Enquirer: 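Let me give you the structure first, and then I'll get to my questions.
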Amino acid sequence: MSILSGKNILLGITGGIAAYKTTYLVRHFIKAGAHVKVIMTPASIDFVTPLTLSTLSKNPVLSSFTNEDDDNDLWNNHVDLGLWADIFVIAPATANTMSKMATGNSDNFLLATYLSAKCPVYFAPAMDLDMYKHPSTEASFKALKSFGNIIIPAGSGELASGLVGEGRMAEPEDIVAFIEADILSKLPLRNKKVLITAGPTYEAIDPVRFIGNHSSGKMGFELANVAASLGADVILITGPTKEAASNSLVKVIAVTSAEEMYKAAHDYYQAVDVAICAAAVADYKPKNVAAQKIKKKEATFTIELEKTKDILASLGAIKKSQFLIGFALETNNEIENAKGKLKRKNLDFIVLNSLQDKGAGFGKSTNKITIIDKDESLTSFELKSKKEVANDIIKYLLNKI
Ligand code: CTP
């Protein structure tokens, strides 16, 4: 899956012959799973038609502040569009547009949107070789880079003028590869391996029955998705669940029992940088599992249970450089109980859910957490969706590693 999947990409096209290549650029972005909107300067419309780009991007193409064709939507909002974008790509970027970007000129819709955008801006220059080397163009490059914009260098080759040299816009597939590589290189969890446990465990009584719990696994899956989206290599060990990882970079290992989860966690633990135990592991399992289905005979029936292995505690006991995070679900004396687990299990921080908080805990789509650090400091969060909670936890982690 491309890192561009699901991203909102705004493509600004300016008036150079390389504009015709942007039809392929839009196709590549769409193929990568991005949402694309196109802005064209009036001059670029001479080189490639808005109809083509609108068809390929599946969105209307904008090129002016006003929209005469639609009485209900007369004004095109450059501020909203700038905020919509996760990435703004200006390709081709002509010498004229770059010099205007460098000086804050906003005399067309593309430039006004550029000034409004808060996202990373990439620009792919395209012009003739002498224009490319002109000191004023070099001054524009310098200014644009100093504003934090990212240049996608032009290549060398035959130019539309017939001259041969530097100034050719990077090829569409190279522009996509450049942006993907740039984003990946800046992800905060790149080169980090993260192990996450999630979901319930089922402890067999006989071939058809088990002891389980109501954990949905959602919290662990959301953590896995967030970590993967920040570049981590994620191994998600999950008990039985209906959840599916939305990020295909998450390696899912399905297990059933606490013993299987224990084994899988230990198989991977030595090689990971971070381990997060979010699973609701059964604390007890039947001491003997019946080989055949148990028949109902007596009025009462007793199952002897024995403790399962505590996965988190066992990981804490052999911890070397791993950063270890646990969860605690408490009903009373929450902070003290969670602090006890933090110490006993040798954790770096523990995420406390109190069942006294409405909307927190098992089977819910929301959670309300307090993070207790190993230095005993507390950070409390509002009731949020589990996705937002996962973001908070990973953000907290990023400040610690
Ligand atoms: N945990 C685990 N393996 C177990 C039991 C718990 O890895 N066999 C992990 C959970 O994933 C969670 C943390 O330990 O991160 C806390 O689990 P919890 O059940 O709340 O705590 P316990 O230590 O089992 O204590 P108690 O049930 O008595 O509250």
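Quantities reported herein were computed from a predicted structural model and do not represent experimental measurements. In what follows, every heavy atom counts, from backbone to side chain, and hydrogens, waters and symmetry copies are set aside. Just follow the structure's listing: the first ligand is 1, and inside any ligand the first atom is 1. One-based numbering along the sequence shown.
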Enquirer: With Met40, which of Asn108, Val48, Leu11 fulfils side chain to side chain contact (heavy atoms under 4.5 Å, CB included)?
Expert: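 Single pass found, and it is Val48.
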Enquirer: Can you find an N/O atom of Gly326 closer than 3.5 Å to an N/O atom of ligand 1?
Expert: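 In this structure, Gly326 places no N or O atom under 3.5 Å from an N or O of ligand 1.
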Enquirer: Thinking salt bridges, do Lys293 and Asp206 make one under a 4.0 Å N-O criterion?
Expert: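 Between Asp206 and Lys293 there is no salt bridge, as every charged N stays at least 4.0 Å from the carboxylate O atoms.
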Enquirer: Find all atoms of ligand 1 within a distance of less than 4.0 Å from any non-hydrogen atom belonging to Thr308, and give their numbers and elements.
Expert: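 Matching atoms, with element in brackets: 8 (N).
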Enquirer: Is it the side chain (CB and beyond), the backbone, both or neither of Asp283 that lies under 4.0 Å from ligand 1, heavy atoms counted?
Expert: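 Answer for Asp283: side chain.
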Enquirer: Does any N or O atom in Ile311 lie less than 3.5 angstrom from one in ligand 1, N or O only?
Expert: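 N/O-N/O distance under 3.5 Å: yes.
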Enquirer: Hydrogens and angles aside, do Thr49 and Thr52 bring a side-chain donor and acceptor to less than 3.5 Å of each other?
Expert: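 Yes, because at least one side-chain N or O of Thr49 sits under 3.5 Å from a partner of the opposite role on Thr52.
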Enquirer: Could you tell me whether Ala280 and ligand 1 have an N or O pair separated by under 3.5 Å?
Expert: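 Min N/O separation from ligand 1 is not below 3.5 Å for Ala280.
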Enquirer: Hey, are Thr370 and Ser380 close enough side-chain-wise for a donor-acceptor pair under 3.5 Å?
Expert: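 A donor-acceptor contact under 3.5 Å links the two side chains.
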Enquirer: Quick one: does Leu111's side chain get under 4.5 Å of Thr97's, heavy atoms only?
Expert: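 In contact.
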Enquirer: Counting from 1, what ligand 1 atoms have a heavy atom of Leu329 closer than 4.0 Å?
Expert: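 Ligand 1 atoms under the 4.0 Å threshold to Leu329: 20 (O).
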Enquirer: Using the ring centroid of each side chain, check whether Tyr20 and Phe47 are separated by less than 6.0 Å.
Expert: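 They do not qualify: ring centres at least 6.0 Å apart.
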Enquirer: Heavy atoms only: which of Lys309, Lys285, Glu330 is nearest to atom 8 (N) of ligand 1?
Expert: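 It is Lys309 that holds the nearest heavy atom.
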Enquirer: Among all protein non-hydrogen atoms, which one is nearest to atom 18 (P) of ligand 1, and what is the separation to 0.1 Å?
Expert: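 Protein heavy atom with the smallest distance to atom 18 (P) of ligand 1: Lys341 NZ, 3.7 Å.
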Enquirer: Write out the residue and atom name of the closest protein heavy atom to atom 1 (N) of ligand 1, then the distance separating them to 0.1 Å.
Expert: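 For this ligand atom, the closest protein heavy atom is Asp310 OD1, 3.8 Å.
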Enquirer: Could you tell me if the side chain of Lys368 sits less than 4.5 Å from the side chain of Glu382, heavy atoms only?
Expert: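 Answer no - side chains too far apart.
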Enquirer: Any nitrogen or oxygen of Val281 lying under 3.5 Å from a nitrogen or oxygen in ligand 1? Just yes or no.
Expert: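 Between Val281 and ligand 1, no N or O pair is found under 3.5 Å apart.
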Enquirer: Do Asp375 and Ser377 have a side chain donor and acceptor closer than 3.5 Å?
Expert: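 Yes.
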Enquirer: Tell me, which protein residue and heavy-atom name are nearest atom 15 (O) of ligand 1, and how many Å apart are they?
Expert: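 Minimum-distance protein heavy atom for atom 15 (O) of ligand 1 reads Cys277 O, 2.7 Å.
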Enquirer: Would you call the rings of Tyr396 and Phe349 parallel, tilted or perpendicular if under 30° counts as parallel and over 60° as perpendicular?
Expert: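 Plane angle over 60°, so perpendicular.
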Enquirer: To the nearest 0.1 Å, how far is atom 9 (C) of ligand 1 from its closest protein heavy atom, and which atom is that?
Expert: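 Looking at atom 9 (C) of ligand 1, the protein heavy atom closest to it is Leu312 CB, 3.7 Å.
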Enquirer: Does an N or O anywhere in Lys345 fall below 3.5 Å from an N or O of ligand 1?
Expert: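 Yes; at least one N/O pair falls below 3.5 Å.
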Enquirer: Got the closest protein heavy atom to atom 12 (C) of ligand 1, with its distance?
Expert: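 Ranking protein heavy atoms by distance from atom 12 (C) of ligand 1, first comes Phe327 O, 3.1 Å.
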Enquirer: For residues Glu180 and Ser2, is any side-chain donor paired with an opposing acceptor at under 3.5 Å?
Expert: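 Yes, side-chain donor-acceptor contact under 3.5 Å.
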Enquirer: What I want to know is whether Ala278 and ligand 1 share at least one N or O pair that is separated by under 3.5 angstrom.
Expert: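 No: no nitrogen or oxygen of Ala278 is under 3.5 Å from one in ligand 1.
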Enquirer: Within a distance under 4.0 Å of any heavy atom of Ala279, pick out the atoms of ligand 1 and give their elements.
Expert: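 So the answer, numbered in order with elements, is 10 (C), 11 (O).
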